[in-house]
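Report on the following structure.
Note that ligands are numbered from 1 as they come in the structure, with each ligand's atoms numbered from 1 the same way.
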Amino acid sequence: MIRRGGLGLALFLALMAGACSKAVEDEPVAAPAPAVGDVISNSMAGRGEAIAELACAQCHAIGATGDSPHPDAPPFRLLSRTVDLDTLPERFAEGHITSHPDMPDWQFEEVDMEGLIAYLEKVQAPDSE
Ligand code: HEC
């Protein structure tokens, strides 16, 4: 199990690096400023994506396409068909997201959990897939 502090710091550094290079790219600002709510939810989803890459991608397909590396792990884009995403933070907090022995019991900071959910919601495939 990855210690909270270690994962948090690695993420923080990764996010800072992303934030800095982005600020440079974005200058000068030509487009109208996006709505504050969009900025927040996009950055939360970005945070969740970074976490998913670090902590989930070795078993789950985390993007819009592809099969999970672990044969039993559901691709993230299909999760909402079998799991109520709104209940995930609670289940993670309780420490048992699944009884599967291969799936570690993660403990997340609240903000990281929010990011993960924002990311999971963003990658859900339309029902027709
Ligand atoms: C070492 C492999 C592994 C890693 C790493 C892993 N998972 Fe899983 N996960 C699984 C497997 C296997 C299942 C299927 C469990 C089952 O069918 O009982 C699963 C199932 C799930 C489910 C569905 C649970 C349900 O009730 O159906 C969710 C949600 C989930 N994982 C989220 C995550 C998230 C978020 C991460 C990263 C923070 C992650 N997993 C990391 C192996 C993993």
Side-chain angles (χ1 to χ4, degrees):
M1 147 126 74
I2 296 178
R3 281 190 38 235
R4 259 193 206 213
L7 183 59
L9 180 62
L11 276 174
F12 178 71
L13 293 175
L15 290 168
M16 286 313 286
C20 293
S21 58
K22 189 141 182 23
V24 173
E25 265 169 38
D26 283 351
E27 271 173 16
V29 182
V36 174
D38 289 348
V39 172
I40 293 173
S41 68
N42 281 337
S43 71
M44 283 312 270
R47 187 183 184 102
E49 183 174 13
I51 296 169
E53 273 169 14
L54 272 173
C56 320
Q58 72 265 37
C59 296
H60 292 270
I62 65 164
T65 57
D67 294 325
S68 293
H70 190 303
D72 295 338
F76 276 2
R77 65 182 181 281
L78 305 180
L79 270 182
S80 65
R81 295 179 194 182
T82 51
V83 178
D84 180 358
L85 295 182
D86 293 338
T87 66
L88 277 192
E90 209 176 301
R91 290 172 58 202
F92 267 105
E94 284 167 1
H96 39 240
I97 189 77
T98 150
S99 56
H100 199 286
D102 286 350
M103 164 104 188
D105 283 335
W106 302 100
Q107 298 271 300
F108 289 109
E109 304 283 348
E110 198 177 321
V111 61
D112 290 340
M113 196 66 240
E114 267 175 50
L116 259 180
I117 301 299
Y119 175 68
L120 289 176
E121 277 169 359
K122 190 173 150 185
V123 296
Q124 287 316 293
D127 280 343
S128 54
E129 200 204 319

Donor-acceptor under 3.5 Å (Arg77 side chain, Gly66 main chain): yes

Please work out, at 4.0 Å between heavy atoms, whether the side chain, the backbone, both, or neither of Phe108 comes within that distance of ligand 1. side chain

Can you list the ligand 1 atoms lying under 4.0 Å from a non-hydrogen atom of Pro74? 13 (C), 14 (C), 19 (C), 20 (C)

Give the contacting part of Ile51 toward ligand 1: side chain, backbone, both or neither, where contact means a heavy-atom distance below 4.0 Å. neither

Please verify whether a non-hydrogen atom of Thr82 lies at under 4.0 Å from ligand 1. no

Counting both backbone and side chain atoms, is some N or O of His60 under 3.5 Å from an N or O of ligand 1? yes

May I ask you to list the atoms of ligand 1 that are less than 4.0 angstrom from any heavy atom of Gln58? 5 (C)

Tell me, do Asp102 and Asp72 make a side-chain contact under 4.5 Å, heavy atoms counted? no

Can you tell me how far apart CD (Glu114) and CG (Asp112) are? Round to the nearest 0.5 Å. 9.5 Å

Who's closest to atom 28 (C) of ligand 1 heavy-atom-wise, of Val83, Asp72, Leu120, Leu79? Leu79

Closest to atom 11 (C) of ligand 1 by heavy-atom distance, out of Ser80, Ala73, Pro71, is Ala73

Contact atoms of ligand 1, heavy-atom distance to Cys59 under 4.0 Å: 1 (C), 2 (C), 3 (C), 4 (C), 5 (C), 42 (C), 43 (C)

CG on Leu88 to CE on Met113, rounded to 0.5 Å: 5.5 Å

Distance, nearest 0.5 Å, that separates CD of Glu53 from CD1 of Ile62: 4.5 Å

Could you walk me through whether Leu85 and Gln124 pass the side-chain contact (heavy atoms from CB on, under 4.5 Å) test, one step at a time? CA-CA 10 Å; Leu85 295 182; Gln124 287 316 293; 4.1 Å; yes

Shortest non-hydrogen pair, Cys56 vs Phe76, comes out as CB-CZ, 3.5 Å

Proximal candidate to atom 5 (C) of ligand 1 [heavy atom criterion; set Ser68, Ala52, Ala55]: Ala55

The atoms of ligand 1 lying under 4.0 Å from a heavy atom of Phe76, numbered in the order shown, are 32 (C), 33 (C), 34 (C), 35 (C), 36 (C)

Within the distance-only criterion (no hydrogens, no angle test), does the side chain of His60 pair as donor or acceptor with the backbone N or O of Pro74 below 3.5 angstrom? yes

Could you list the atoms of ligand 1 found under 4.0 angstrom from a heavy atom of His70? 12 (C)

In terms of relative ring orientation, are Phe92 and Phe108 parallel, tilted or perpendicular, with 30° and 60° separating the classes? perpendicular

Can you list the ligand 1 atoms lying under 4.0 Å from a non-hydrogen atom of Leu88? 29 (C)

